[in-house]
Every structure is written in structure tokens, then in C-alpha cells.
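One structure below.
Predicted model only: the values in this text are computed from it and were never measured. Residue numbers begin at 1 in each chain, while the letters A, B, ... track the order of the sequences.
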Number of protein chains: 2
Amino acid sequence: MSNSIKNIRIKDIAQMAGVSEGTVDRVLHNRGNVSLVAQAKVNSVLTKIHYKPNVLARSLGKVRNLKISVIIPEYRFDPYWGEVKFGIAQAQDEWNQYGVTIEPFYYLHDGNLSLEQVAKEALKARPNGMVLAPIFYPQAMTVIASLHEMKIPYVLFNTNIPESKPLSFIGQDLRKSGRLAGQLMGLDHKENDELVVMHIGESVKDSIYLMEKENGFKEFYNKERHPFKITSLNIDASEKSLSEAIVRLVKNKNIKGLFVTTSKSVATVASILLKNSRTDIRLIGYDMLKENLKYLKKGVISFLINQNPKRQAFVGISHMANHLLFKKNVPHTDLFPLEVIMQENIDSYVSSGIH
Amino acid sequence: MSNSIKNIRIKDIAQMAGVSEGTVDRVLHNRGNVSLVAQAKVNSVLTKIHYKPNVLARSLGKVRNLKISVIIPEYRFDPYWGEVKFGIAQAQDEWNQYGVTIEPFYYLHDGNLSLEQVAKEALKARPNGMVLAPIFYPQAMTVIASLHEMKIPYVLFNTNIPESKPLSFIGQDLRKSGRLAGQLMGLDHKENDELVVMHIGESVKDSIYLMEKENGFKEFYNKERHPFKITSLNIDASEKSLSEAIVRLVKNKNIKGLFVTTSKSVATVASILLKNSRTDIRLIGYDMLKENLKYLKKGVISFLINQNPKRQAFVGISHMANHLLFKKNVPHTDLFPLEVIMQENIDSYVSSGIH
DNA sequence: TTGGGATTTGTGTCCGCACACAGTTAAATT
DNA sequence: AATTTAACTGTGTGCGGACACAAATCCCAA
């Protein structure tokens with residue numbers, strides 16, 4: 001019965017309208033050069049039927065070698081970006097077969113591998129689209145200006161720059177993620193506990209976005225009116241100052257909770273807690289980095305909030321590819337869920353590939 | 001520079017091997033009728049290069065109107081299956097444009113709308129593949145037998161039947177999900193607390209799989225050697241007996257935690273807890289059903305474990321479609337992560353579409 | 001009325017793969 | 001040696017859409 005629901009093709013429309021395929025094509029893509037009569041004939045058919053172009057056929061005859069440049073911070077110094085790189089690799093796997101080439105670039109804070117320099121290099125190859133993790137605001141802005149100028153569409157992920165107009169932004173609501181950390185911290189609260197929010201790493205000074213997490217965290221406690229003392233701390237990532245600072249912290253017996261806003265350093269904190277037998281302190285951090293998982297399994301880290309860096313990269317690239325290749329509409333913002341990782345669900349997250 | 005990374009096509013292989021495209025095609029699909037010499041020539045090229053067929057071109061000339069039947073329990077009596085239905089709708093949206101038709105069917109426990117009857121109906125249309133939620137074991141087995149006989153590939157989701165050999169299974173590890181509930185329950189434990197595992201609903205008698213959750217829950221406490229008293233309870237879903245049973249339960253002041261294994265009934269439990277001012281009881285349930293979210297927001301439900309029914313259906317259908325249309329390899333089992341939903345991350349889950 | 005430019009329309013080709021079918025060659029039979 | 005049979009190989013076409021280019025039509029001025 002519902003057997004031969006022959007899909008309507010351009011050919012069919014042409015026949016129905018009594019014009020040639022070329023004319024239908026011109027109307028569909030409003031390329032102009034169509035007489036009002038023909039236009040009317042085609043349009044009257046188009047309103048009657050619901051034409052769905054065959055995506056496969058459309059992109060088959062497409063310009064091969066679409067090129068997407070991906071720019072992220074150098075991954076060798078931070079396993080977080082290592083995860084992102086995995087996501088890029090998966091995207092390459094997925095999209096190469098459609099003739100889409102994905103070229104990754106890596107930047108440092110400054111010098112001749114700064115974001116600006118690297119982006120300039122990337123743009124030389126005249127990519128059809130760009131996917132960018134813009135963690136340094138001012139540099140990012142000049143890159144984005146170039147992109148606008150060259151009319152290259154771009155997707156941002158990880159960090160948003162709302163005032164630019166990206167095709168799409170992929171990331172999380174950082175304030176809400178701070179609030180979530182707050183709730184997780186409070187699950188076994190006691191009245192006179194002291195909680196500390198820690199921002200660790202050299203990027204702190206440039207990364208206003210970390211403050212969002214802190215604000216969210218505090219917001220949670222304001223709302224709930226919990227009588228906690230909350231302080232915050234900025235520490236450089238340099239080995240010595242970091243461990244010294246933590247050791248000092250740990251000596252304070254009132255401190256019962258630490259919330260580390262940067263994903264990489266929470267493992268270091270955990271190791272120091274362990275050495276100083278302060279595993280009574282509830283430690284909350286970000287992301288399923290290898291070291292983090294180790295301490296989560298041991299119970300030193302209580303919770304991790306998963307930002308899903310791998311998937312962020314994958315989805316970002318996919319949005320761009322879908323836009324370029326299939327002309328699909330992509331969401332303006334794609335905010336990932338705030339995933340709570342704890343001992344009893346680590347495995348389920350590790351084993352499930354990209355989710 | 002890296003400009004024309006021309007993808008290797010059958011044509012190119014033919015040229016490299018010094019044979020015709022037809023021969024390459026015969027080797028690739030081992031259709032036979034190829035001389036050993038030609039075979040060798042082609043194979044030597046194939047080992048050197050990594051041939052990736054263009055999925056688009058392959059499926060372009062494909063049989064249009066692939067048909068996939070989806071069979072799930074009647075959704076009007078259980079919002080869980082309502083969620084699943086949303087997933088089906090999304091899959092239709094996604095795959096219709098590729099010429100794949102998705103036909104849903106709904107079954108009840110028995111009668112002329114039993115799984116067997118409905119499946120018989122579905123099979124009349126000779127679908128190219130089937131996606132099935134087999135919650136009643138014996139009936140499901142006869143359906144699966146038919147599928148094997150008719151050589152129709154099938155994907156199972158929600159409930160696994162490992163001894164059948166589905167193309168793919170999509171779901172969660174229920175034992176681990178029980179363990180997770182255990183950990184969530186224990187976050188603010190006290191020594192002499194009593195915990196209750198509740199199985200609610202008429203399907204309990206047929207659904208051995210609910211026991212997995214209970215076992216996982218108990219397993220967690222065994223391992224941790226927590227001194228909790230854990231009891232379990234099977235209750236019919238009939239209005240009266242349910243509320244009576246819960247009211248009775250609630251009178252016991254030692255009870256500090258309830259773990260409801262069926263997603264739909266936890267809201268009822270929550271409403272009764274609220275009426276009887278026993279919100280001190282930690283309540284854990286499953287899934288982001290509308291009613292459940294209401295009580296989670298109010299704080300009556302502490303945690304929900306998300307089984308992601310919508311996505312389970314979507315992914316199940318997509319696996320089948322990828323298999324039929326693109327000949328893609330699909331994972332033998334696709335176990336979803338065990339997502340923890342709590343007040344401060346509800347929104348992030350609700351707003352992010354299908355993840 | 002005709003020429004010439006502008007506008008409109010139709011046809012053909014390519015994209016990469018799958019598969020049917022015709023064509024070629026070699027071996028086997030008479 | 002002629003002919004059948006089998007084994008192998010190459011060519012051609014279609015899938016649906018995009019786009020280039022050729023062909024057809026129109027309009028207006030000379």
C-alpha cells in the first residue's frame with residue numbers, strides 16, 4: 001500500500017509544471033532569468049507538493065575538497081585539549097569520506113604561535129569554514145574580524161563570544177555549571193564548613209570565563225542561604241607555588257570543600273590531599289581526564305562535571321560540515337548538558353564512545 | 001598545497017591496477033568471475049591505498065523507500081514510552097529525506113494488540129529492518145524467531161535479549177544503574193537508616209530486568225559494607241493499593257530512602273511523601289518525565305537517573321538506517337551513560353535537544 | 001522587416017558507485 | 001578447423017541535483 005511513495009524529484013516538478021528541469025532549478029534557487037509565467041507555473045506546483053531535495057544527490061555533485069580549519073590551543077601541555085583533539089580526529093574520520101578535509105592548528109598564548117599568527121596561517125589556505133576555540137578574548141576578536149572580512153563562516157566552541165555572530169556556539173552554561181558544583185558540594189554539608197573555589201593555571205588572568213563558574217557556585221549558596229564561608233583563590237600553575245598553596249590550605253581544618261574550576265589541575269590537588277590525609281575534603285573538578293578519573297575512582301575526587309570536550313569539538317565540526325555540505329540549518333547555540341560523573345557511573349561514560 | 005587530496009575512486013584504482021572499473025567492483029564485492037591475475041593486480045593496489053567508498057554516491061542509486069518498522073509498547077498509558085515516541089519522530093525527520101520510511105507500531109500486554117499480533121501486522125508490510133523494544137520476554141522470542149526466519153535484521157533497545165543475536169542493542173547496564181542509585185542514596189547516609197527498593201507497576205511480574213536494578217543497588221552496599229537495612233517491595237500500579245502501600249511505608253520513621261525502579265511511578269510516590277510531610281526521605285527514580293521533573297524541582301525527588309528513552313529510540317533507528325542505507329558498521333551494543341539529573345542540572349538537560 | 005542584444009529556456013554533463021549487459025578471450029567439444 | 005561453452009572483462013546507464021552552455025525566444029531600434 002504505502003509501497004511506492006516515489007519521492008518527488010525536480011524532474012517531476014518540471015513535468016507537472018510543464019517547464020524544463022533547468023527552469024525549476026532556477027526557481028528553487030532563485031537564480032533569476034525566469035519569466036513571470038514560468039515562475040508562476042512552477043510556484044503553483046511547489047505550493048501543492050512538498051519538495052524535499054535529496055541531500056545525497058545534491059552533495060554528490062558538490063565541490064569536492066571542502067576544507068574546514070580547526071584552531072585550538074596547543075594540546076601537548078593540557079590533556080583537556082588532548083581530549084578535544086580526539087574529537088577532531090573522530091570528525092575527520094566521519095567527514096573525510098564526504099570529501100571534507102579538516103585541518104587542525106594549535107596556538108599558544110603568545111609569540112609566533114599566538115592565536116593571531118596561527119589563524120593567519122590557517123587562513124592562507126582559504127578554508128571554506130573555521131571552527132575555533134577562542135580562549136583568549138582580544139586575540140580572538142581580531143581573528144573573528146578577519147573571518148567576517150573574508151566571509152568565512154565560523155563556529156565557536158568551549159568559550160563563547162556572543163557579540164561576534166558565529167554560525168553556532170557549542171559549549172556549556174558556565175554559571176549553571178558553578179551552581180551545580182555548589183549543589184554537589186552541599187550534599188553532605190555541615191554548618192561551619194568552609195569552602196574554597198580555586199582557579200589554577202596561567203590562563204587565569206585572561207580567562208574571565210572562569211569567574212562565571214565561581215559566580216554560579218556562590219549564587220547557589222546565596223539562594224539556598226546556606227551558612228557557608230566561601231573564599232576563592234587564584235594560583236599559578238607553576239609546580240612549586242601550586243603545591244605550597246594547597247598544602248597551606250589543607251592545614252586549615254575548617255575547610256571541607258574545594259571546587260577547582262580548571263580541569264587539569266584538580267588531579268594535582270587530589271594528590272596533595274591524599275598525601276596529607278585530607279580525603280575528608282570534598283573535591284569537585286571538571287572533566288574526565290585520565291588523572292582525574294584515577295582520583296575519582298580512589299574517592300579523593302568526589303565529583304567531576306563533564307564538559308565533554310571531545311564531543312564539543314566533534315559537534316562543532318559537524319555543524320560546520322552540515323552547513324557547508326548539506327546546507328542544513330544548525331542551532332545558533334548548542335549548550336551541552338552538565339554531566340555529573342561519580343564513582344558509580346564512570347564506566348558507563350568511559351565505555352560509551354561519543355555521546 | 002594540500003589542495004587536491006582527491007579522494008581515491010574506483011576509477012583510480014582501476015587505472016592503477018590496469019584493469020577496468022567493473023573488475024575492481026567485482027573484487028571489492030567479491031562477485032566472482034575474476035581471473036587470478038586481475039584479482040592479484042587489484043588486491044595489490046587495495047593493500048597499498050586505503051579505499052573509502054563514497055557513501056553518498058553508493059546510496060544514491062539505491063533502492064528508494066527503505067522501510068523500517070518500530071515496535072514499542074503503547075505510549076498513551078506511560079509517559080516513558082511517550083518520550084520514546086518523540087525519539088521516533090525525530091528519527092523520521094532525519095531519515096525521511098534519505099528515502100527511509102519509519103513505521104511505528106504499538107503493543108499491549110496481551111489480547112489482539114499483543115506484541116505477537118502487532119509484530120505479525122508489521123511484518124506483513126515486509127520491512128527492510130525492525131527496531132524493537134522487547135519488554136515481554138516470551139512474546140518477544142517468538143517475534144525474534146520470525147525475524148530470523150524472514151531474514152529481517154533487527155535492533156533491540158531498552159531491554160536486551162542477549163541470547164538472540166540482534167544487529168545492535170541500545171540501552172543501559174541496569175545493574176550499574178542500580179549501583180549508581182546506591183551511591184546517590186548513600187551521599188548523606190546515617191547509620192541506622194532503612195532503605196526501600198520499590199518496583200511499581202503491572203509489568204513487574206514479567207520484567208525480570210527490574211531485579212537487575214535492585215541487585216545493583218544492594219551490590220553497592222555490600223561492597224561498601226554500609227550498615228543499612230534494605231528491603232524491597234513489589235506493588236501493583238492500581239491507584240488504591242499503591243497509595244495505601246506508600247502511606248504505610250511512610251509511617252515508618254526509620255525509612256530514609258526510597259529507590260523506585262520504574263520511571264513512571266516515582267511521581268506518585270513523591271506526591272504522597274509531600275502530603276505526609278516526609279520530604280526528609282531521599283527519593284531516587286528514573287527519567288525526565290514531566291511529572292518527575294516537577295517533583296525534582298520541588299526537591300521531593302533528590303535524583304533521577306536518565307535512561308534517555310528519546311535518544312535510545314533515535315539511535316536505535318539510526319543504527320538500522322545506517323546499516324541498511326550506508327552499509328555502515330554499527331556497534332554490537334551501545335550502552336548509554338548513566339546520567340544523574342538533579343535540581344541544578346535539569347535545565348541543561350531539558351534545553352539540549354537530543355544528546 | 002530585419003538585425004542584434006537581452007532575456008529566457010532546454011539540454012547535457014558531471015559527481016562516484018552499482019549493476020546489467022554486451023563484448024572479448026580462451027578453452028573445450030564436435 | 002569450426003563451433004559451442006565457459007570464463008572473464010569492459011562499457012554503459014541510472015540514481016537526483018547543480019550548473020554550464022547552447023539554443024530558442026523576445027523586444028526594440030534601424
Quiz item: Rounded to whole angstroms, how far apart are CD1 on A:Ile10 and P on C:dG10?
Solution: 14 Å
Practice problem: Name the orientation class of the two ring planes belonging to B:Trp95 and B:Phe326 (parallel below 30°, tilted from 30 to 60°, perpendicular beyond 60°). | Solution: tilted
Exercise. May I ask you to evaluate whether A:His29 reaches the phosphate of D:dA18, defined as a side-chain N or O under 4.0 Å from OP1 or OP2?
Key: yes
Practice problem: From the options C:dA18, C:dT9, D:dT9, select the nucleotide whose nearest atom is closest to the side chain of B:Asp25. | Solution: C:dA18
Quiz prompt | Distance-only donor-acceptor check, side chains B:Glu116 and B:Thr142, under 3.5 Å | solution = yes
Quiz prompt | pair B:His319-B:Pro331: side-chain heavy atoms closer than 4.5 Å | solution = yes
Self-check item: Any A:Arg58 side-chain nitrogen or oxygen under 4.0 Å from OP1 or OP2 of D:dA18
Solution: yes
Exercise. Say whether B:Tyr349 and B:Asn308, considering side chains only, have a donor N or O and an acceptor N or O under 3.5 Å apart.
Key: no
Exercise. With DNA chain D as reference, determine whether B:Ala57 or B:Gly22 sits nearer its 5' end, using the nearest nucleotide of each.
Key: B:Gly22
Exercise. Using the closest heavy atom to pick a nucleotide of DNA chain D for each, name whichever of B:Thr23 or A:Glu21 lands nearer the 5' end.
Key: B:Thr23
Self-check item: Interatomic distance where NZ belongs to A:Lys11 and P belongs to D:dG16 [whole Å]
Solution: 8 Å
Quiz item: Is B:Ser59 near enough to C:dC17 that one of its side-chain N or O atoms lies under 4.0 angstrom from OP1 or OP2?
Solution: no
Quiz item: With respect to the phosphate group of D:dC19, does any side-chain polar atom (N or O) of A:Arg31 fall under 4.0 Å of OP1 or OP2?
Solution: yes
Quiz item: Has B:Arg9 got a side-chain N or O lying under 4.0 Å from the OP1 or OP2 atom of C:dG16?
Solution: yes
Practice problem: Mind calculating the distance between CG (B:Leu36) and C1' (C:dA26) to the nearest angstrom? | Solution: 15 Å
Exercise. Take atom CG of A:Leu56 and atom P of D:dA18, then tell me their distance rounded to the nearest Å.
Key: 12 Å
Quiz item: Of the nucleotides D:dC8, D:dG17, C:dG10, which has the atom closest to the A:Asn54 side chain?
Solution: D:dG17
Quiz item: At under 4.0 Å between heavy atoms, what does A:Arg26 touch on the DNA or RNA strands: base, sugar-phosphate, or nothing?
Solution: base
Quiz prompt | Protein-nucleotide distance (A:Leu28, atom CG; D:dG16, atom P), rounded to Å | solution = 15 Å
Self-check item: Rounded interatomic separation in angstrom, taking CZ from A:Phe326 and C1' from D:dG16
Solution: 14 Å
Quiz item: Less than 4.0 Å between a side-chain N and a carboxylate O, is that true for A:Glu94 and B:Lys52?
Solution: no
Quiz prompt | side-chain N/O B:Tyr51 vs C:dC17 OP1/OP2, d < 4.0 Å | solution = yes
Practice problem: Could you state the atom-to-atom distance from OH of A:Tyr98 to P of C:dC17 in whole Å? | Solution: 13 Å
Quiz item: Rounded to whole angstroms, how far apart are CG on B:Leu60 and C1' on D:dG16?
Solution: 6 Å
